[in-house]
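Chain identifiers are assigned alphabetically (A, B, ...) following the order of the sequence lines, protein sequences preceding nucleic acid strands; residue numbering begins at 1 within each chain.
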Protein chains: 2
Amino acid sequence: MAQAQVPDVVVRRLPLYLRTLTYMEDRGQEVVSSTELGEWTGFSPAQIRRDLSYFGEFGKQGLGYPVRYLREQLESILHVDQQWHLVLIGAGALGHALVKYHTFRRWNYHIEAVFDNDPEKIGQAIDGLTIQPMSELARTIKEKHIDIAILAVPAEHAQEVGEQAVAAGVRAILNYAPINLALPPEVHVSHIDPVVNLQSITYYL
Amino acid sequence: MAQAQVPDVVVRRLPLYLRTLTYMEDRGQEVVSSTELGEWTGFSPAQIRRDLSYFGEFGKQGLGYPVRYLREQLESILHVDQQWHLVLIGAGALGHALVKYHTFRRWNYHIEAVFDNDPEKIGQAIDGLTIQPMSELARTIKEKHIDIAILAVPAEHAQEVGEQAVAAGVRAILNYAPINLALPPEVHVSHIDPVVNLQSITYYL
DNA sequence: GCGTGTGAAACAATTCACAGCG
DNA sequence: CGCTGTGAATTGTTTCACACGC
């Protein structure tokens, strides 16, 4: 139940445990040990047991963890057991790919509306969603009780667009633009920048 | 110069420093202090000084760091001062977006070829690159001295496709499929999975 | 004075190792 | 016996605080 003292590194590992548990459950596996979960995810058994123990006692001594029960618990901890309403800002090639990415829906993340400032794009549809002008952003966020905005705009517009989304009530941002956003600390910002990943990789090559 | 004892957390922060320095240099800024870099990136001044000190002494006491010099040094450390040759596997909506993503080229990451196993897609072009059948993958990786493969395939094919790329000589993988890859430890694997980011976010909401 | 670079100190995360229970 | 949950020990990371040089 969202203890404040849970380290953020632990929170970032939970989705990886959840992903693996879901995979195992789909294959009919009923019990898993911390050792086996570790082989799948690359973390040590002790670390996995410690991580889970922040949230409760989910395992059975001598046996392991019931896959289905642990999966349900993790979904509850990560608040994946409810619907989340998002908007996407930026209808370029990346925006198109994100709207069509089925895995979002599978995990209860629903893109409710798409925005762009290009008059050519406004009115067109992606996967059943009509691209709206930026002037509609605030109204939609308020009316549809949007929690999260995905930013897929050029870097030079990301700050401004992020501010607009926050002003309209968004509490978290998933930012695909390769730039740091300066936003109030209560807004949760997460970055995806493949160049950052590639540069960490090529350090080691 | 690639000291083995540099912690991975440090390596993962370097691209963020580099990004900010490039931004500052584009705006004509010549000198930056660790405090100012910290304000832009969200890290503490002490941490930034410590991180950089793993690689050398780049600053001037009483002044700060010369932006251009530090940017060059970081590019050298991250091996961004050379061309990197990549292949993209998977020509779906995400694959299309990645081929068209200009920021890769800006940082010397060049997608040299695109592969897919869908007969409908083979022969079509994305941004000047013809989609090739998977049967050509190994030959291309060898002939073009490809270092890195980007995986943008469905989760159920990622393991097999990753193995093919590694067998043909790729040393690193950027994996967009939402599944863990089991590959030899000398292969560097980096993951991008927006659902993982969203689940960490919604933990806090 | 200002800001780096860095020992030393403080804090955080991971691993060890074992009691306890099924 | 096998495996969890967890104190204690260890290892890793960040911050403090200051000598030094511009």
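- Nearest-nucleotide assignment on DNA chain C puts the 5′-proximal partner with B/Thr35, out of B/Thr35 and A/Val9.
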Verdict with reasoning, B/Asp127 to B/Arg105, per salt bridge (Lys or Arg N to Asp or Glu O under 4.0 Å): CA-CA 13 Å; B/Asp127 221 39; B/Arg105 250 161 292 166; 3.7 Å; yes
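- Heavy atoms of B/Ser34 sit under 4.0 angstrom from primed sugar atoms or phosphate atoms, though from no base atom.
- Of the listed nucleotides (D/dT6, D/dA17, D/dT15), D/dT6 has the atom at the smallest distance from the side chain of A/Glu57.
- With hydrogens and angles left out, the side chain of A/Arg50 and the base of D/dT6 share no donor-acceptor pair within 3.5 Å.
- For the pair A/Arg27 and A/Tyr23, the distance from NZ or CZ to the six-membered ring centre is under 6.0 Å and the angle to the ring normal is within 45 degrees.
- The side chain of A/Arg13 approaches C/dT14 more closely than any other nucleotide in the set C/dT14, D/dT4, C/dG3.
- Using a 3.5 Å distance cut-off with no hydrogens or angles, the side chains of A/Thr202 and B/Tyr109 do pair a donor with an acceptor.
- Rounded to whole Å, the distance from CD on A/Gln61 to C1' on D/dT4 is 5 Å.
- Of the side-chain N and O atoms in B/Tyr65, one or more sit less than 4.0 angstrom from OP1 or OP2 of C/dG5.
- Looking at B/Trp40, its side chain never comes within 3.5 Å of a backbone N or O of B/Leu21 through a donor-acceptor pair.
- By the 30° and 60° cut-offs, the orientation of the rings of B/Tyr17 relative to B/Phe43 is perpendicular.
- As a whole-Å value, the separation of B/Leu52 CG from D/dT14 C1' is 15 Å.
- B/Leu63 places its CG atom 9 Å from the P atom of C/dT4, with the value rounded to the nearest Å.
- One can place CG of A/Asp8 at 13 Å from P of D/dT14, the figure rounded to the nearest angstrom.
- The nearest whole Å value for the distance from the CZ atom in B/Arg49 to the C1' atom in D/dA17 is 10 Å.
- Atom NZ of A/Lys60 is separated from atom C1' of D/dC3 by 13 Å (rounded to the nearest Å).
- Listed candidates were D/dT4, C/dC16, C/dG3. Nearest to the side chain of B/Ser33 is C/dG3.
- The interatomic distance linking A/Leu37 (CG) with D/dC3 (C1') rounds to 13 Å, in whole Å.
- Atom-to-atom, CD of B/Gln47 to P of D/dG12 comes out at 17 Å; the value is rounded to the nearest Å.
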